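Before any comments, here is the structure.
Whatever order the structure lists ligands and atoms in, that order sets their numbers, starting from 1. All values derive from a computational prediction rather than experimental measurement.
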Amino acid sequence: MKALEEKILQEGEVVDGDILKVDGFVNHQVDALLMEEIGKDMAEHFKGQGITKVFTIESSGIAPALFTAKELGVPLVILKKQQTADSLKTEVWQTEVVSYTKDTSYRLTLAKNYISDEDHVLIVDDFLANGEAATGAIRLIRKAHATVAGLGVLIEKAFQPGHEKLESQGIHVYAQASIQAFEDGKVVF
Ligand code: G4P
């Protein structure tokens with residue numbers, strides 16, 4: 001997606017060799033107009049597939065996922081990152097996710113009343129790196145016997161294994177911007 005690639009080139013910042021900071025328009029401050037365009041593009045890519053819900057993982061995926069859900073005319077469900085086993089008041093599906101980039105792990109949590117075996121779910125997130133977060137979301141969807149329409153991400157780091165890992169499980173991945181490499185602190189699409 002041209003507008004996103006241009007924004008990344010103008011405002012993205014490569015830190016520690018392999019992390020792209022997009023705090024100025026995705027992760028901290030949010031460019032609402034760009035998110036709306038992103039949502040339209042995402043919905044256009046996945047339309048006509050009988051999607052009943054959009055899922056995202058808190059927190060940075062929420063803005064683009066919300067615009068995608070609005071365009072598709074379906075609800076957005078935000079998967080929660082539970083640090084510990086709380087005394088939860090509703091029944092939930094949970095799965096452990098390890099984040100290699102951030103060197104942490106969390107329990108991805110979905111209340112059972114927001115999914116049914118009739119749902120066909122599109123997952124939207126900001127980054128695809130190792131694919132652990134998306135794989136966790138897919139595990140939750142499958143626990144509920146719902147189906148996965150695909151994964152839409154704003155930015156994939158194509159040199160990390162996420163995309164291949166998901167496609168090899170039969171999940172269609174759509175990346176609006178695909179980064180092939182970081183060279184001398186610059187993004188190469
Ligand atoms: P995965 O998301 O593909 O599973 O890969 P990984 O476990 O390695 O990534 C963990 C977290 O790091 C994710 O955020 C992911 O979005 C973020 N991340 C990975 N690479 C980059 C990068 O180059 N730049 C930025 N800004 N983030 C990156 P998260 O823990 O889910 O947090 P949140 O930001 O959604 O709250």
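Against a heavy-atom cut-off of under 4.0 Å, Asp126 is close to the following atoms of ligand 1: 16 (O). When each atom of ligand 1 is checked for a heavy atom of Asn27 under 4.0 Å away, the hits are 26 (N).
Here the heavy atom of the protein found nearest to atom 4 (O) of ligand 1 is Glu132 N, 2.6 Å. For atom 17 (C) of ligand 1, the nearest non-hydrogen atom of the protein is Lys102 CE, 4.3 Å. With respect to atom 31 (O) of ligand 1, the closest heavy atom belonging to the protein is Lys81 NZ, 2.9 Å. Given atom 34 (O) of ligand 1, the protein heavy atom at minimum distance is Ser60 OG, 2.9 Å. Of the protein's non-hydrogen atoms, Gly131 N, 3.5 Å is the one closest to atom 1 (P) of ligand 1. Summary of contacts: the protein heavy atom closest to atom 5 (O) of ligand 1 is Asn130 N, 3.2 Å. Nearest non-hydrogen protein atom to atom 15 (C) of ligand 1 is Phe127 CB, 4.0 Å. Nearest to atom 20 (N) of ligand 1 among the protein's heavy atoms is Lys157 NZ, 3.0 Å.
By the 4.0 Å N-to-carboxylate-O rule, Lys186 lies too far from Asp184 to be salt-bridged with it.
Between Gly136, Ala133, Ser59, Ala129, it is Ser59 that holds the heavy atom closest to atom 36 (O) of ligand 1. Ranked by closest heavy atom to atom 9 (O) of ligand 1, the top entry among Thr135, Thr101, Asp103 is Thr101. Of the listed residues (Val22, Val14, Ile19, Leu20), the one carrying the non-hydrogen atom nearest atom 26 (N) of ligand 1 is Leu20. The nearest non-hydrogen atom to atom 10 (C) of ligand 1, considering only Gly162, Gly61, Ser99, comes from Ser99.
Counting heavy-atom neighbours within 6.0 Å of Asn113 CG, excluding the residue itself, gives a total above 12. Taking a 6.0 Å sphere around NZ of Lys70, one finds it holds 12 or fewer heavy atoms contributed by other residues, nucleotides or ligands. Applying the 6.0 Å contact sphere to OH of Tyr114 captures no more than 12 heavy atoms from other residues, nucleotides or ligands.
Taking the six-membered ring for Trp and thresholds of 30 and 60 degrees, His45 and Tyr174 have nearly parallel ring planes, at less than 30 degrees apart.
Put simply, the residue from Val153, Val148, Ile123, Thr135 that forms a side-chain contact (heavy atoms from CB on, under 4.5 Å) with Leu166 is Thr135. Among Lys7, Glu71, Gln176, the one residue that satisfies the side-chain contact (heavy atoms from CB on, under 4.5 Å) test with Ile38 is Gln176.
Considering OG1 of Thr68 and NZ of Lys47, their distance stands at 14.0 Å, rounded to 0.5 Å. A distance of 13.0 Å separates CE of Met42 from CZ of Phe67, quoted to the nearest 0.5 Å.
When non-hydrogen atoms are compared, ligand 1 lies under 4.0 Å from neither the backbone nor the side chain of Ile155.
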query: Under the side-chain contact (heavy atoms from CB on, under 4.5 Å) criterion, do Phe55 and Ile141 qualify, and how do the steps go?
result: CA-CA 10 Å; Phe55 277 22; Ile141 293 165; 3.8 Å; yes
